[in-house]
Amino acid sequence: ARQGFSVHATLQAASESLLSDVTFVQTDIKTKLILPLGQKNRMIYRGQLGATAVDDLQQLPFSYRFYAGGDRNIRGFDFESLSPENSNQDLIGGKHLVALSAEFEHKWAEQWAWAVFTDAGNAFTDELDWEKSVGVGVRWFSPLGPVRLDLAHALDDDKGDGLKIHFTIGPDF
């Protein structure tokens, strides 16, 4: 895709009055914007916002909590390695999520491009502690869709242990 915009929004809820163990409302909104810059370049912006209204996070199942990090979120970190921690430093997930990304891509051959990017965000419950990363990547535009190989590095964080390799396959939208 040379240009486009997508939005994917999810709204889910449960109520103790309807046989649930917990009452909550949750939304998760993912957006992607692709803008051409001349014939060989494009900018790709991604954003994700998630929010949960629940009285007691401890009652919310872990599968409904937010985690950040990984190929399609904040590169430079392991998959779902960013979230609030308990006193034992175990990841417990957060009530909210913010993830933003900006990527510049330059096509240098018919089926090849290189990219530079930065990602930022985190999963959190009370206060957002921004985690940031930067990276470079190569793209092969295969007959089945783009194949992306990214090398990313977390900034200002002890959770980022060096360079991370991220490999993804699939269409832009």
Side-chain angles (χ1 to χ4, degrees), residues 6-33 44-104 115-139 146-170 172:
S6 71
V7 177
H8 179 165
T10 304
L11 177 66
Q12 53 190 1
S15 174
E16 292 175 64
S17 62
L18 295 173
L19 304 176
S20 177
D21 292 337
V22 63
T23 297
F24 75 95
V25 176
Q26 185 177 72
T27 187
D28 188 15
I29 301 169
K30 298 174 184 171
T31 64
K32 189 170 193 178
L33 173 64
I44 303 167
Y45 301 98
R46 291 180 299 139
Q48 182 178 0
L49 297 173
T52 308
V54 63
D55 288 335
D56 182 6
L57 181 64
Q58 301 303 320
Q59 297 296 315
L60 190 67
F62 285 99
S63 60
Y64 288 95
R65 299 179 193 186
F66 288 108
Y67 299 84
D71 299 337
R72 301 209 180 251
N73 197 298
I74 303 171
R75 294 165 284 190
F77 296 90
D78 289 331
F79 178 70
E80 295 188 348
S81 65
L82 299 174
S83 94
E85 299 174 344
N86 64 15
S87 59
N88 295 328
Q89 296 183 328
D90 297 320
L91 299 175
I92 60 170
K95 288 173 67 172
H96 313 293
L97 174 81
V98 173
L100 303 170
S101 177
E103 181 172 318
F104 173 80
V116 294
F117 59 85
T118 184
D119 301 334
N122 208 339
F124 63 102
T125 295
D126 298 316
E127 186 175 320
L128 174 59
D129 178 23
W130 289 93
E131 300 292 354
K132 299 169 279 303
S133 66
V134 295
V136 297
V138 64
R139 299 346 183 195
V147 177
R148 300 170 195 85
L149 180 64
D150 292 328
L151 194 58
H153 179 68
L155 301 175
D156 303 324
D157 187 54
D158 56 357
K159 294 178 188 175
D161 52 352
L163 295 174
K164 295 288 182 195
I165 296 174
H166 297 283
F167 180 75
T168 57
I169 301 173
D172 285 320

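Throughout, numbering of the chain's residues begins at 1 and tracks the sequence.
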Between D21 and Q59, do the side chains contain an N or O donor and an N or O acceptor separated by less than 3.5 Å? no
Between S101 and R75, is there a side-chain donor-acceptor contact under 3.5 Å, judged purely by atom types and distance?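 Yes, side-chain donor-acceptor contact under 3.5 Å.
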If you look at every heavy atom in [X] and [Y], which pair is closest and at what distance?
X: A14; Y: S20; answer: CB-OG, 3.5 Å
X: I169; Y: R72; answer: O-NH2, 3.5 Å
X: A152; Y: G76; answer: CB-N, 3.3 Å
X: T52; Y: F66; answer: OG1-CE1, 3.4 Å
X: I74; Y: A68; answer: CD1-CB, 3.9 Å
X: I92; Y: S83; answer: N-OG, 3.5 Å

Run the numbers on W130 and L100 for side-chain contact (heavy atoms from CB on, under 4.5 Å), then give the verdict. CA-CA 10 Å; W130 289 93; L100 303 170; 3.9 Å; yes
What residues, two or more places apart in sequence or in another chain, satisfy side chain to side chain donor-acceptor pair (under 3.5 Å) together with [X]?
X: Q12; result: Q26
X: D71; result: H166
X: R139; result: E103, D150

Does atom [atom1] of [X] have more than 12 heavy-atom neighbours from other groups under 6.0 Å away?
X: L149; atom1: CG; result: yes
X: D56; atom1: CG; result: yes
X: Y45; atom1: OH; result: no

Would you compute the distance between atom [atom1] of [X] and atom [atom2] of [Y] and round it to the nearest 0.5 angstrom?
X: K132; Y: T118; atom1: NZ; atom2: OG1; value: 9.0 Å
X: T125; Y: H96; atom1: OG1; atom2: NE2; value: 6.5 Å
X: S81; Y: E131; atom1: OG; atom2: CD; value: 8.5 Å
X: R46; Y: K32; atom1: CZ; atom2: NZ; value: 6.5 Å
X: T27; Y: L49; atom1: OG1; atom2: CG; value: 9.0 Å

Can you check whether D90's main-chain N or O pairs, donor with acceptor, with N88's side chain at less than 3.5 Å? no
Quick one: do V134 and L155 satisfy side-chain contact (heavy atoms from CB on, under 4.5 Å)? Show the steps, please. CA-CA 7 Å; V134 295; L155 301 175; 3.8 Å; yes
With a 4.5 Å heavy-atom cut-off, do [X] and [Y] have their side chains touching?
X: L11; Y: V25; result: yes
X: D126; Y: F124; result: no
X: D119; Y: N73; result: no

Given side-chain contact (heavy atoms from CB on, under 4.5 Å), test L91 with E80 step by step and report yes or no. CA-CA 9 Å; L91 299 175; E80 295 188 348; over 6 Å; no
